[in-house]
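Read through the structure below, which is laid out as structure tokens, and then see the notes.
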Amino acid sequence: MSRLLTADDLYAFTFLEEVRLSPDGTRIAYTQSEIDRDNYEYRRAIWIVPTDGDGAPRRFTSGPNDTTPRWSPDGQTLAFLRAPTGEVKPKNAEERDKGVSQAQIWLLPVAGGEARQLTSLRYGAGELVWSPDGRTLLFTSRTGEPDDNAVDDAMLHDKHLPRVRTITQLWHKLDGVGYIYEQRSHLFTIPSAGGEPKQLTEGDWDDGEPAWSPDGTRIVFTSDRSDERWTWPAASVWTLEVTNVALTRLTDESLAASAPAWSPDGKQIAFLSGPRRHSVGHVDLYVTDAEIAAGAQPGQRLLTQDFTPICSDTCITDMRGSHSAAHLTW
């Protein structure tokens, strides 16, 4: 017998997010998200299921806030992000600087064993990607200092001071993130065996959506370094040489690019994009050469000029699995 949907029914929803196929194609890792009715929070853990249907899904991490599973190239290790649930406050400056309240990168052998924390960054880590040889993890992290350090220092001693914010740019806040005007997202690497992170990019702009080239010598990412970045933001596609950190912009600043993906031979990069201005949300598929001749201008080729549907996925609702931009696969 049918009945109306009630608020209590929402607690029965289970979301499957961030599905990732293992390198050998035999297993799938994904994030399973459920609502904790007592604490009004989401609980997330990573699960693994065989692709042949012969076997039930098994819980791989304990949670309660594990996300972003990424297989190592040999399929022996899963990297993931682990964050605390609820509001976790550092007890002292050392805990704050180690990012105890932030999502950090952890590694866990697929065959079993203990999870190992890889990063301890003040602002945490995100968008992690294995290098092709499995020796390095590429990720994004925020940089910068609060514009009112006295407030942050007082919170360590359970004191609450009014925060003074100095906002000088129009693009200063994001849904689900909060204020962003005082920090910038940049690219970092860290050895998978452990060690200190290395910052690859810097500047008064945000860098994201990184991906290794097939040979591991270059990194593609998106970044808006134009004069319009705080008023009419639209990222371009960039590449970075790993050895000397040389940068090349591959697309012009008239487009808003996202989801760059290398071709198997490393000669081209596909990406999603629309006009910086007056796009009405329509997204097309483009390709650009991964290298530009000396003196040549950035350029791109539109592949979907005769394709009517949008080349992206959009869903605006509070009851959904979280995901980043659409992932392109060659």
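Keep in mind that what you see is a predicted model, and the values were worked out from it rather than measured.
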Next item on the list: From the options Glu127, Arg225, Glu202, select the one residue that forms a side-chain contact (heavy atoms from CB on, under 4.5 Å) with Asp207.
Entry: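 Exactly one candidate clears the test, Arg225.
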
Check for a donor-acceptor pair, side chain of [X] on one end and backbone N or O of [Y] on the other, with a separation under 3.5 Å.
| X | Y | result |
| --- | --- | --- |
| Arg218 | Pro214 | no |
| Thr304 | Leu285 | yes |
| His282 | Gly274 | no |
| Ser192 | Arg135 | yes |

Notebook entry, point to check: Roughly how far apart are Arg184 CZ and Thr201 OG1, rounded to 0.5 Å?
Noted result: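 So the gap between those two atoms works out to 12.5 Å.
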
With the threshold set at 4.0 Å, does a side-chain nitrogen-carboxylate oxygen contact exist between [X] and [Y]?
| X | Y | value |
| --- | --- | --- |
| Asp152 | Arg163 | yes |
| Asp204 | Arg229 | yes |
| Arg276 | Asp252 | no |

If you look at every heavy atom in [X] and [Y], which pair is closest and at what distance?
| X | Y | value |
| --- | --- | --- |
| Pro50 | Ala56 | CD-O, 4.2 Å |
| Trp262 | Ile219 | CZ2-C, 4.1 Å |
| Thr140 | Gly208 | CG2-CA, 4.1 Å |
| Leu121 | Ser141 | CD1-OG, 3.9 Å |

Quick check: do [X] and [Y] have side-chain heavy atoms less than 4.5 Å from each other?
| X | Y | value |
| --- | --- | --- |
| Leu250 | Phe271 | no |
| Arg43 | Thr85 | yes |
| Val220 | Val237 | yes |
| Ile28 | Arg20 | no |

Note to self: Students often mix this up, so state it plainly: with edges at 30° and 60°, are the rings of Tyr30 and Trp47 parallel, tilted or perpendicular?
What the structure shows: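 Ring orientation of Tyr30 relative to Trp47: parallel.
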
Next item on the list: Is it possible for you to check whether Arg165 lies under 6.0 Å from the centre of the six-membered ring of Tyr181, through NZ or CZ, and within 45° of that ring's axis?
Entry: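 No, Arg165 does not sit over the ring of Tyr181.
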
Next item on the list: Answer yes or no: are there more than 12 heavy-atom neighbours, outside Glu145 itself, under 6.0 Å from its atom CD?
Entry: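 More than 12 within 6.0 Å, yes.
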
Next item on the list: Determine whether Ile46 and Leu21 fall in the same hydrophobic cluster, where Ile, Leu, Val, Met, Phe, Trp and Tyr are linked whenever their side-chain heavy atoms lie under 4.5 Å apart.
Entry: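 As far as the 4.5 Å side-chain criterion goes, Leu21 and Ile46 are not connected within one cluster.
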
